[in-house]
**Q** 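So that we are looking at the same thing, I have put the structure below in structure tokens.
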Amino acid sequence: LPSYFEKNFAPHGISLLEMGDAKRLFVINHRIRALPRPADKENLANLLNLPAGEVTQSFVEIFRIEKDGDGEMLVHEKSVGDRNALAKGTEPRGGRGFVLHDLVAVGPQQFFATNNPRGVQQAIDVTFFRNPIGNIVYYDGASYQVVKDRIDFADGINISPDNRHLYTATVLDGDLVTYKTNLNPAGETQPKEVTLDEVTPRIRLGGHLDNLEWSNGRREAILVASHPSIAAFGLQRAQAPVKAASRIMQVSINKDGMPDAKSAKIVYWNDGSQVSAASVAAYYKDKKRERLIVGSPFEDRFLACKLDAH
């Protein structure tokens, strides 16, 4: 990682794009920016020497992965900022707030991302009225556009190898949602207006879904991280002395790009003693090993699980 990211790099969602021998890594970076102090010396914050506060900004960092001797290195290519990201067009249901959660790359400079605005009004909408205020945004290499609005707090997102089916996970209702896209394969020219058409029915997996990852290199099934108790997750986020259960599910993807609801199964479950509040699971394989790697926002380690025949 380039040294200038060391002081302000807070990665969230990541996506690896492989096009032939070329590889790029896309990373959501929640940069922290300190707010300036009020100019008025008589301002109460200045008189009490209170901190001015800080805000989190959603940037997407794009890296090329290049060879470096026997290994590889990241070469920073571009930062996609959030300034006025959704200033144009019809205002989304949740407002023009911009807090990215996950992303999936679909081209050298193009990606989809899930966006869930934050604020007092948004918190009321979600907590008390369960209004769908999230959205999916698309970055075409120059600007953002909202391509699907009014989503129940979308979190994980992934896409089929041909870019024709987009998959998202919702937190509140625990649904795996599939959309048909009008995109072309990565590397080809993409349409100016990108569309998403939901394919019904949704697959309700239960719990509160988080990230989505392919279960193997063949991309025949998706791993879905799920929180059985969102209350326990929230308590742990508030640094309460509790453990939250972890659940990883697997859903097969048919040849037509559609998830198979009947194939859904639990591949890992734990009460939180091994890994608390697991938010992602990824498939790993080398010449000697095949593993399921499980991660959590509250742990300083990963859990590596042996895989049975599947």
**Q** Linking I/L/V/M/F/W/Y whenever their side-chain heavy atoms sit closer than 4.5 Å, directly or via other members, would Val267 and Leu307 fall into one cluster?
**A** yes
**Q** Using a 4.5 Å cut-off on heavy atoms from C-beta on, say whether the side chain of Tyr138 contacts that of Thr181.
**A** no
**Q** Side chains of Asp286 and Tyr284: is there a donor and an acceptor less than 3.5 Å apart?
**A** yes
**Q** For the residue pair Trp269 and Asp271, what are the closest heavy atoms and their distance?
**A**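 Minimum heavy-atom contact is CZ3-N, 3.6 Å.
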**Q** In Å, rounded to the nearest 0.5 Å, how long is the span from CE of Met249 to OG of Ser226?
**A**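 Rounded to the nearest 0.5 Å, the CE-OG separation comes to 7.0 Å.
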**Q** Under 3.5 Å, is there a donor-acceptor pair between the side chain of Asp175 and the main chain of Val177?
**A**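 Pair absent, no side-chain N/O of Asp175 close to backbone of Val177.
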**Q** OG of Ser229 to CZ of Arg247: how many Å apart, nearest 0.5 Å?
**A** 10.5 Å
**Q** Between Phe233 and His208, is a side-chain contact (heavy atoms from CB on, under 4.5 Å) present by the stated rule, with each step listed?
**A** CA-CA 10 Å; Phe233 179 91; His208 307 275; over 6 Å; no
**Q** Report yes if some heavy atom in the side chain of Glu299 is under 4.5 Å from a heavy atom in the side chain of Ser276; otherwise report no.
**A** yes
**Q** Is the count of non-hydrogen atoms from other residues, nucleotides or ligands lying under 6.0 Å from Lys285 atom NZ greater than 12?
**A**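 It does not: Lys285 NZ has 12 such atoms or fewer within range.
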**Q** I'd like to know if the side chain of His30 and the backbone of Leu100 have a donor-acceptor N/O pair within less than 3.5 Å.
**A** yes
**Q** Against Arg24, only a single residue in Glu61, Glu77, Glu66 fulfils salt bridge (Lys or Arg N to Asp or Glu O under 4.0 Å); can you say which?
**A**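 Result: among Glu61, Glu77, Glu66, Glu77 is the only option passing the salt bridge (Lys or Arg N to Asp or Glu O under 4.0 Å) with Arg24.
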**Q** Where do Ser252 and Ser263 come nearest, in terms of heavy atoms and distance?
**A**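 Scanning both residues, the minimum pair turns out to be N-OG, 2.8 Å.
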**Q** Given side-chain contact (heavy atoms from CB on, under 4.5 Å), test Leu17 with Phe111 step by step and report yes or no.
**A** CA-CA 10 Å; Leu17 179 70; Phe111 56 85; over 6 Å; no
**Q** Say you draw a straight line from CD1 of Ile65 to CG of Leu25; how long is it, rounded to the nearest 0.5 Å?
**A**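 Reported value, rounded in 0.5 Å steps: 5.0 Å.
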**Q** So which atom in Asp260 and which in Val251 form the shortest heavy-atom distance, rounded to 0.1 Å?
**A**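 Between these two residues, the closest heavy atoms are O-CG1, 3.7 Å.
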**Q** In Å and rounded to the nearest 0.5 Å, what is the CG to CG distance from Asp155 to Asp102?
**A**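 Here the interatomic distance stands at 6.5 Å.
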**Q** Is it the case that the side chain of Asn163 and the backbone of Asn184 share a donor-acceptor pair, with hydrogens and angles ignored and the cut-off at 3.5 Å?
**A**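 Yes, because the side chain of Asn163 sits within donor-acceptor range (under 3.5 Å) of the backbone of Asn184.
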**Q** Using the rule that two of Ile, Leu, Val, Met, Phe, Trp, Tyr join whenever any of their side-chain heavy atoms come within less than 4.5 Å, decide whether Leu176 and Leu223 are in one cluster.
**A** no
**Q** Do Glu213 and Tyr283 come close enough that some side-chain heavy atom pair is under 4.5 Å?
**A**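 Glu213 does not reach Tyr283 side chain to side chain.
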**Q** What residue pairs, at least two apart or across chains, pass side chain to side chain donor-acceptor pair (under 3.5 Å) with a residue in residues 14-23?
**A**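 Residue pairs with at least one partner in residues 14-23: Lys23-Glu72.
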**Q** Is it true that, when you exclude Arg301 itself, more than 12 heavy atoms of the residues, nucleotides or ligands shown sit nearer than 6.0 Å to its CZ?
**A** yes
**Q** So Leu103 and Tyr139, side-chain contact (heavy atoms from CB on, under 4.5 Å) or not? Walk me through it.
**A** CA-CA 10 Å; Leu103 83 169; Tyr139 183 76; over 6 Å; no
**Q** Are the side chain of Asn182 and the backbone N or O of Glu193 linked by a donor-acceptor pair below 3.5 Å?
**A** yes
**Q** Less than 4.5 Å apart, any side-chain heavy atom of Arg291 and any of Phe302?
**A**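 Counting from C-beta outward, Arg291 and Phe302 never come under 4.5 Å.
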**Q** List the atom of Ser246, the atom of Ala277, and the distance in Å for their closest heavy-atom pair.
**A** OG-N, 3.2 Å
**Q** Between atom CH2 of Trp214 and atom CD of Glu220, what is the distance when rounded to the nearest 0.5 Å?
**A** 9.5 Å
**Q** Nearest 0.5 Å, what's the CG-CZ distance between Asn116 and Phe153?
**A** 4.0 Å
**Q** If I compare all heavy atoms of Gly81 with all of Tyr144, which pair ends up nearest, and what's the gap?
**A** O-CE1, 3.8 Å
**Q** Would a hydrophobic clustering, with Ile, Leu, Val, Met, Phe, Trp and Tyr connected at side-chain separations under 4.5 Å, put Ile222 with Leu205?
**A**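 Ile222 clusters together with Leu205.
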**Q** Decide whether Leu209 and Ile266 are clustered together by the hydrophobic rule: side chain heavy atoms of Ile, Leu, Val, Met, Phe, Trp, Tyr closer than 4.5 Å, transitively.
**A** yes
**Q** Under a 3.5 Å distance rule, please check whether Ser296 uses its side chain to pair with a backbone N or O of Val275 as donor and acceptor.
**A**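 It does not hold such a pair.
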**Q** Do side-chain atoms of Arg164 reach the backbone of Leu183 as a donor and acceptor pair under 3.5 angstrom?
**A**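 Looks like yes, one N/O pair under 3.5 Å.
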**Q** Tell me yes or no: between the side chains of Tyr268 and Gln274, is some donor less than 3.5 Å from an acceptor?
**A**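 Result is yes, a qualifying pair exists.
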**Q** Could you tell me which non-hydrogen atom of Phe59 sits nearest to which non-hydrogen atom of Ser79, and how far apart they are?
**A** CD2-CB, 4.3 Å
**Q** May I ask you to decide if Gly141's main-chain N or O and Lys78's side chain share a donor-acceptor pair within less than 3.5 Å?
**A** yes
**Q** Do side-chain atoms of Gln109 reach the backbone of Ala142 as a donor and acceptor pair under 3.5 angstrom?
**A**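 No; judged by distance alone, with no hydrogens or angles, the pair does not exist.
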**Q** Show the numbers, then the answer: is there a side-chain contact (heavy atoms from CB on, under 4.5 Å) between Asp140 and Val194?
**A** CA-CA 9 Å; Asp140 61 10; Val194 173; over 6 Å; no
**Q** Pick from Thr178, Asn158, Val106, Ile136: which one makes a side chain to side chain contact (heavy atoms under 4.5 Å, CB included) with Leu166?
**A**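 Single pass found, and it is Ile136.
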**Q** Side chains of Glu198 and Leu196, heavy atoms from C-beta outward: is any pair under 4.5 Å?
**A** no
**Q** Quick check: do Phe9 and Val27 have side-chain heavy atoms less than 4.5 Å from each other?
**A**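 In short, these two side chains touch, coming nearer than 4.5 Å.
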**Q** With a 4.5 Å limit on heavy-atom distance, are the side chains of Tyr167 and Ser160 in contact?
**A**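 Tyr167 reaches Ser160 side chain to side chain.
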**Q** Same cluster for Ile14 and Ile159 if Ile/Leu/Val/Met/Phe/Trp/Tyr side chains link at under 4.5 Å?
**A** no
